[in-house]
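Below you'll find the structure, written out as structure tokens, and then a few comments.
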Amino acid sequence: MNDKRLKLLLKASLIFLAAAVIFCIIAVCASNRQEKHNGEQNVIIETEEPAPSPTEEPAPSPTEEPTPEPTETAKTVIVLDAGHGKSSSQMTDDEKIAEGYEYNASKGGWGEWRHYKNGTFGEDCYGSGCTGLCPQNGSCWYPIGNGDRDTEPTLNLNNALAAQKYLEQMGYEVRMTRTSNDQNPSMDKRVSYCFPNNDITLEPDAAVYVCIHSNAGGGRGTSYISLNATYTQSYIPDNYISLSNSLGEIINSKVAAATGLSENAPINTPYLILFNKSPVPIAYMEIGFFDSTADLEILQSSSDAIGKAIAEGVDEYLQTH
């Protein structure tokens, strides 16, 4: 190859190389401009894009007051006391203590005090500081044996259970001082049922106290024992005597009408231990004579009618007093 031709070839190569370099530079510049343009577009798009509106929480709905649960109206409390009970001779010493009796050697054995100190409830008088209201030739001490009976406890309990049934059907709350003939509570324990949960440190919540007995001694008919003395235990209303006698009279009239037993006048025996201890008006019923054959037949066959009459008498008294 001659020199001239070689020179031409080299010159052409240089021109080609220069053109390639220029082409590459142009391509790179164009690429950079495109990327910059795209970036600016993205910025514009991003800035022009409306900001998302804050999530609006739904307005709280008006608070609905919960419907109050219906409150149960407190029931009127009636205490039913089936008189007497298990014979004291059949009770163990532990049973006597559990039933509220105490042993007092100077008084001849087991029993309880007849009164509370004036103006108190549950504070035994121990023979002084009380009304001193006692049976003739008696004392403030009440021996446990005074309550012993053979036939009467069952009659009293049957009448009380029947009265409980009807009073509960009428919507009353009934508290029974005993529910079997294996029990013989002291008078202190019996009257404790006038208080919530037998707690005598609280206010009594019973409306009335109905003591259910049967009489003896050669008579006939139904009656109640009237109050007529000075009673000073705590809680009793000023008209304790008149309210109690009215309750007894209403029940007695109902019992006589339901059974055919003659309606006898009230018995005046004001010193009864329950009169000195009950914190609420009390009716002390003497329904029939269990030592009379005719009355005993009625008592044994008509406990349901007697119980219903007692319940109706209590209800009438509470509706009118």
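Position 1 is the first residue of the sequence, and the numbers go up from there.
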Tell me whether [X] shares a hydrophobic cluster with [Y], the cluster being built from Ile, Leu, Val, Met, Phe, Trp, Tyr side chains joined at under 4.5 Å.
{"X": "Ile250", "Y": "Tyr284", "answer": "no"}
{"X": "Met187", "Y": "Leu272", "answer": "yes"}
{"X": "Leu318", "Y": "Tyr193", "answer": "no"}
{"X": "Ile236", "Y": "Leu274", "answer": "yes"}
{"X": "Leu161", "Y": "Val208", "answer": "yes"}

ask   = Would Thr154 and Asn181 satisfy side-chain hydrogen bond (donor to acceptor under 3.5 Å, both in side chains), going step by step from the backbone distance to the final call?
value = CA-CA 7 Å; Thr154 298; Asn181 286 328; 2.9 Å; yes
query = So with a 6.0 Å cut-off around CG of Asp150, is the heavy-atom count from everything else above 12?
reply =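 No.
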ask   = Near Lys96 NZ, under 6.0 Å, is it more than 12 heavy atoms from other residues, nucleotides or ligands?
value =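 Enclosed.
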query = With sequence neighbours left out, what residues match Asn197 under side-chain contact (heavy atoms from CB on, under 4.5 Å)?
reply =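 Scan of Asn197 (side-chain contact (heavy atoms from CB on, under 4.5 Å), adjacent residues dropped) gives none.
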With sequence neighbours excluded, residues passing side-chain contact (heavy atoms from CB on, under 4.5 Å) with Gln136 =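 By the side-chain contact (heavy atoms from CB on, under 4.5 Å) rule, Gln136 matches no residue at all.
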ask   = Do Asp315 and Lys254 sit within salt-bridge range, that is, some charged N less than 4.0 Å from a carboxylate O?
value =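 Answer for the salt bridge query: no.
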Which atoms form the tightest heavy-atom contact between [X] and [Y], and what is the distance?
{"X": "Ile241", "Y": "Leu227", "value": "CG2-O, 3.3 Å"}
{"X": "His115", "Y": "Cys130", "value": "CB-CB, 3.6 Å"}
{"X": "Pro204", "Y": "Val280", "value": "CB-CG1, 4.3 Å"}
{"X": "Ser278", "Y": "Gln233", "value": "O-NE2, 2.8 Å"}
{"X": "Leu133", "Y": "Pro270", "value": "CD2-O, 3.4 Å"}
{"X": "Ala256", "Y": "Thr222", "value": "CB-CG2, 3.9 Å"}

Residues forming a ring pair (Phe, Tyr, Trp, His ring centres under 6.0 Å) with [X], sequence neighbours excluded:
{"X": "His84", "result": "His213"}
{"X": "Tyr116", "result": "Phe121"}
{"X": "Tyr317", "result": "His321"}

key: Full working for ring-ring contact (aromatic ring centres under 6.0 Å, His included) between Tyr142 and Trp113   = CA-CA 6 Å; Tyr142 185 79; Trp113 294 98; over 10 Å; no
message = For a side-chain contact (heavy atoms from CB on, under 4.5 Å) check, start with the C-alpha distance between Asn268 and Asn228, then their side-chain angles and the critical distance, and finish with the verdict.
response = CA-CA 7 Å; Asn268 183 27; Asn228 183 24; 3.9 Å; yes
message = side-chain contact (heavy atoms from CB on, under 4.5 Å), that's the test. Do Leu157 and Asn159 meet it? Break it down for me.
response = CA-CA 5 Å; Leu157 182 59; Asn159 291 336; over 6 Å; no
request  = Using distance alone, with no hydrogens and no angle criterion, decide if Asn104 and Ser106 have a side-chain donor and acceptor under 3.5 Å apart.
outcome  =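 Yes - a donor-acceptor pair under 3.5 Å links their side chains.
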Pair Ser223, Asn264: side-chain N/O donor-acceptor within cut-off below 3.5 Å =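 Distance-only check fails for Ser223 and Asn264.
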key: Test log, rule side-chain contact (heavy atoms from CB on, under 4.5 Å), inputs Val314 and Val210   = CA-CA 9 Å; Val314 170; Val210 181; 3.9 Å; yes
Counting only pairs under 3.5 Å, give me each side-chain donor-acceptor contact of residues 294-310, with atom names and distances, residues two or more places apart or in other chains.
from, atom 1, to, atom 2, distance (Å)
Asp295, OD1, Arg220, NE, 2.8
Asp295, OD1, Arg220, NH2, 3.0
Asp295, OD2, Gly221, N, 2.9
Asp295, OD2, Phe289, N, 3.1
Ser301, OG, Glu297, O, 2.8
Ser302, OG, Ile298, O, 3.3
Asp304, OD1, Lys165, NZ, 2.6
Asp304, OD1, Tyr166, OH, 3.2
Asp304, OD2, Tyr166, OH, 2.6

ask   = Which residue pairs pass the ring pair (Phe, Tyr, Trp, His ring centres under 6.0 Å) test with at least one member in residues 87-106, sequence neighbours excluded?
value =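 Residue pairs passing ring pair (Phe, Tyr, Trp, His ring centres under 6.0 Å), neighbours aside: Tyr103-Trp110.
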request  = Sequence neighbours left out, what pairs pass ring pair (Phe, Tyr, Trp, His ring centres under 6.0 Å) with at least one residue falling in residues 169-190?
outcome  =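 Matches after skipping sequence neighbours: none remain.
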Any side-chain heavy-atom pair of [X] and [Y] under 4.5 Å:
{"X": "Cys140", "Y": "Cys134", "result": "yes"}
{"X": "Arg175", "Y": "Leu80", "result": "no"}
{"X": "Pro135", "Y": "Arg114", "result": "yes"}

key: Counterpart residues, side chain to side chain donor-acceptor pair (under 3.5 Å), relative to Asp199 (two or more places apart)   =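 Testing Asp199 for side chain to side chain donor-acceptor pair (under 3.5 Å), a comparison that skips the adjacent residues, returns Thr201.
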query = Under the salt bridge (charged side-chain N to carboxylate O under 4.0 Å, His left out) rule, what pairs show up with a residue in residues 99-109, not counting sequence neighbours?
reply =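 Applying salt bridge (charged side-chain N to carboxylate O under 4.0 Å, His left out) to every pair that reaches into residues 99-109, excluding sequence neighbours, yields Glu99-Lys189.
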task = Using the salt bridge (charged side-chain N to carboxylate O under 4.0 Å, His left out) rule, collect all pairs that involve residues 81-91, keeping only residues at least two apart or in two chains.
result =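 For residues 81-91: Asp81-Arg190, Lys86-Glu95.
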Rounded at 0.5 Å granularity, tell me how far [atom1] in [X] sits from [atom2] in [Y].
{"X": "Ile225", "Y": "Asn252", "atom1": "CD1", "atom2": "CG", "result": "11.5 Å"}
{"X": "Asn146", "Y": "Ile144", "atom1": "CG", "atom2": "CD1", "result": "10.0 Å"}
{"X": "Met91", "Y": "Gln183", "atom1": "CE", "atom2": "CD", "result": "9.5 Å"}

Look only at the side chain of [X] and the backbone of [Y], and say whether a donor-acceptor pair between them is shorter than 3.5 Å.
{"X": "Arg149", "Y": "Thr151", "result": "no"}
{"X": "Ser214", "Y": "Glu152", "result": "no"}
{"X": "Glu286", "Y": "Asn215", "result": "yes"}
{"X": "Asn118", "Y": "Thr232", "result": "no"}
{"X": "Ser242", "Y": "Asn239", "result": "yes"}
{"X": "Tyr224", "Y": "Ile287", "result": "no"}
{"X": "Asp148", "Y": "Ser88", "result": "yes"}

inquiry  = Please determine whether side-chain contact (heavy atoms from CB on, under 4.5 Å) holds for the pair Lys117 and Asp124, giving the CA-CA distance in whole Å, both sets of side-chain angles, and the decisive distance to 0.1 Å.
reply    = CA-CA 6 Å; Lys117 288 184 180 179; Asp124 289 326; over 6 Å; no
Transitive ILVMFWY cluster of Leu202, excluding itself - 4.5 Å side-chain cut-off =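 Leu202 clusters with nothing; isolated.
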task = Output, in order, the C-alpha distance, side-chain angles, deciding distance and verdict of salt bridge (charged side-chain N to carboxylate O under 4.0 Å, His left out) for Lys277 and Glu112.
result = CA-CA 12 Å; Lys277 293 194 171 185; Glu112 59 185 312; 3.4 Å; yes
